[in-house]
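By convention here, the first residue in the shown sequence is residue 1. Just the heavy atoms: all of them, side chains too, but no hydrogens, waters or symmetry mates, feed the values below.
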Amino acid sequence: MQTERVTFLTSPDHKAALDAFAATSGKSVGHVLREASSQYIAREPAAPDEYEEALELVLPELEMRLARWNSQLDSMHASIDRARAAIDAALQGDPA
(Lines give C-alpha, C1' and ligand atoms only; values in the text may rest on other atoms or scores of the structure.)
Protein backbone atom coordinates (compact mmCIF):
# COMPACT_ATOMS: atom_id res chain seq x y z
CA MET A 1 0.00 0.00 0.00
CA GLN A 2 1.40 3.34 -1.03
CA THR A 3 0.88 6.04 1.56
CA GLU A 4 0.88 9.81 1.71
CA ARG A 5 1.30 12.10 4.68
CA VAL A 6 -1.62 14.20 5.91
CA THR A 7 -1.05 16.88 8.53
CA PHE A 8 -3.76 18.69 10.44
CA LEU A 9 -3.83 21.13 13.33
CA THR A 10 -5.75 20.55 16.53
CA SER A 11 -5.82 21.86 20.07
CA PRO A 12 -3.50 20.40 22.71
CA ASP A 13 -6.53 18.99 24.55
CA HIS A 14 -7.84 17.27 21.43
CA LYS A 15 -4.38 15.86 20.67
CA ALA A 16 -4.11 14.50 24.22
CA ALA A 17 -7.56 12.91 23.95
CA LEU A 18 -6.63 11.38 20.61
CA ASP A 19 -3.36 10.01 22.02
CA ALA A 20 -5.17 8.58 25.05
CA PHE A 21 -7.89 6.98 22.91
CA ALA A 22 -5.32 5.40 20.61
CA ALA A 23 -3.27 4.11 23.55
CA THR A 24 -6.26 2.55 25.31
CA SER A 25 -7.37 0.99 22.01
CA GLY A 26 -3.92 -0.45 21.43
CA LYS A 27 -3.69 1.31 18.08
CA SER A 28 -1.59 4.09 16.63
CA VAL A 29 -2.99 7.58 16.27
CA GLY A 30 -2.63 7.19 12.50
CA HIS A 31 -4.69 4.00 12.56
CA VAL A 32 -7.43 5.65 14.63
CA LEU A 33 -7.57 8.61 12.25
CA ARG A 34 -7.61 6.41 9.13
CA GLU A 35 -10.42 4.30 10.64
CA ALA A 36 -12.44 7.33 11.71
CA SER A 37 -12.05 9.13 8.39
CA SER A 38 -12.96 5.98 6.43
CA GLN A 39 -16.15 5.59 8.47
CA TYR A 40 -16.96 9.28 8.02
CA ILE A 41 -16.51 9.13 4.25
CA ALA A 42 -18.49 5.89 3.92
CA ARG A 43 -21.53 6.98 5.90
CA GLU A 44 -24.76 7.80 4.13
CA PRO A 45 -25.50 11.48 3.79
CA ALA A 46 -28.03 12.25 6.46
CA ALA A 47 -30.99 14.55 6.37
CA PRO A 48 -30.09 18.13 7.21
CA ASP A 49 -27.72 17.94 10.12
CA GLU A 50 -28.18 19.71 13.42
CA TYR A 51 -26.34 22.78 12.17
CA GLU A 52 -28.70 23.20 9.23
CA GLU A 53 -31.74 22.63 11.43
CA ALA A 54 -30.52 25.17 13.97
CA LEU A 55 -29.81 27.64 11.19
CA GLU A 56 -33.34 27.25 9.85
CA LEU A 57 -34.71 27.97 13.33
CA VAL A 58 -32.51 30.95 14.11
CA LEU A 59 -32.44 32.78 10.76
CA PRO A 60 -35.97 34.25 10.95
CA GLU A 61 -35.24 35.51 14.47
CA LEU A 62 -31.93 37.04 13.35
CA GLU A 63 -33.56 38.72 10.36
CA MET A 64 -36.21 40.26 12.61
CA ARG A 65 -33.57 41.43 15.13
CA LEU A 66 -31.37 42.88 12.37
CA ALA A 67 -34.27 44.90 11.01
CA ARG A 68 -34.96 46.22 14.52
CA TRP A 69 -31.28 47.03 15.11
CA ASN A 70 -31.06 48.84 11.77
CA SER A 71 -34.10 50.92 12.69
CA GLN A 72 -32.58 51.77 16.06
CA LEU A 73 -29.28 52.71 14.41
CA ASP A 74 -31.11 54.97 11.95
CA SER A 75 -32.89 56.64 14.86
CA MET A 76 -29.59 57.10 16.71
CA HIS A 77 -27.96 58.64 13.62
CA ALA A 78 -30.86 61.07 13.24
CA SER A 79 -30.61 62.02 16.91
CA ILE A 80 -26.86 62.58 16.61
CA ASP A 81 -27.39 64.71 13.49
CA ARG A 82 -29.96 66.85 15.36
CA ALA A 83 -27.61 67.23 18.33
CA ARG A 84 -24.71 68.23 16.08
CA ALA A 85 -26.87 70.79 14.31
CA ALA A 86 -27.97 72.24 17.65
CA ILE A 87 -24.37 72.40 18.86
CA ASP A 88 -23.25 74.07 15.63
CA ALA A 89 -26.08 76.60 15.97
CA ALA A 90 -25.20 77.30 19.60
CA LEU A 91 -21.52 77.77 18.75
CA GLN A 92 -22.48 80.27 16.05
CA GLY A 93 -24.62 82.19 18.53
CA ASP A 94 -27.91 81.18 16.90
CA PRO A 95 -30.47 80.81 19.73
CA ALA A 96 -32.50 78.21 17.79
Side-chain angles (χ1 to χ4, degrees):
M1 169 173 80
Q2 186 176 357
T3 61
E4 294 198 25
R5 181 174 305 274
V6 175
T7 304
F8 73 100
L9 301 175
T10 189
S11 70
D13 290 342
H14 187 250
K15 170 78 166 72
L18 187 56
D19 288 338
F21 179 83
T24 58
S25 301
K27 299 175 182 174
S28 70
V29 170
H31 180 83
V32 169
L33 291 174
R34 279 189 298 278
E35 196 173 84
S37 62
S38 293
Q39 290 175 11
Y40 183 82
I41 291 169
R43 74 179 178 168
E44 289 290 320
D49 62 5
E50 290 179 23
Y51 175 79
E52 292 295 326
E53 290 173 8
L55 201 55
E56 287 179 20
L57 291 173
V58 78
L59 274 178
E61 181 70 20
L62 283 175
E63 288 171 347
M64 180 187 70
R65 299 284 178 176
L66 283 172
R68 189 177 303 158
W69 293 337
N70 284 333
S71 174
Q72 289 172 339
L73 285 172
D74 290 343
S75 175
M76 288 169 33
H77 281 262
S79 177
I80 290 169
D81 289 342
R82 286 190 305 275
R84 290 179 72 189
I87 291 168
D88 288 343
L91 290 175
Q92 294 175 9
D94 186 2

**Q** Mind checking who shares a hydrophobic cluster with L18, ILVMFWY linked at side-chain heavy-atom distances under 4.5 Å?
**A** F8, F21, V29, V32, L33
**Q** Using the test side chain to side chain donor-acceptor pair (under 3.5 Å), find all partners of T3 that sit at least two apart in sequence or belong to another chain.
**A** none
**Q** Quick one: list whatever passes side chain to side chain donor-acceptor pair (under 3.5 Å) with D19, sequence neighbours left out.
**A** K15
**Q** Does any pair with a residue in residues 23-32 pass salt bridge (Lys or Arg N to Asp or Glu O under 4.0 Å), and if so which ones, sequence neighbours excluded?
**A** K27-E35
**Q** Residues in side-chain contact (heavy atoms from CB on, under 4.5 Å) with R82, at least two apart?
**A** A78, S79
**Q** My understanding is that only residues two or more places apart in sequence, or in another chain, count here; which of them pass side chain to side chain donor-acceptor pair (under 3.5 Å) with R34?
**A** none
**Q** Under the side chain to side chain donor-acceptor pair (under 3.5 Å) rule, collect the residues that match up with H77, sequence neighbours excluded.
**A** none
**Q** Could you go through residues 83-91 and list every donor-acceptor pair under 3.5 Å that involves a side-chain atom there, pairing it with any protein atom two or more places apart or in another chain?
**A**
none

**Q** Please list, one pair per line, the donor and acceptor atoms closer than 3.5 Å that link side chains of residues 58-73 to other protein atoms, with sequence neighbours excluded.
**A**
residue	atom	partner	partner atom	Å
E61	OE2	R65	NE	2.8
E61	OE2	R65	NH2	3.0
N70	ND2	L66	O	3.3

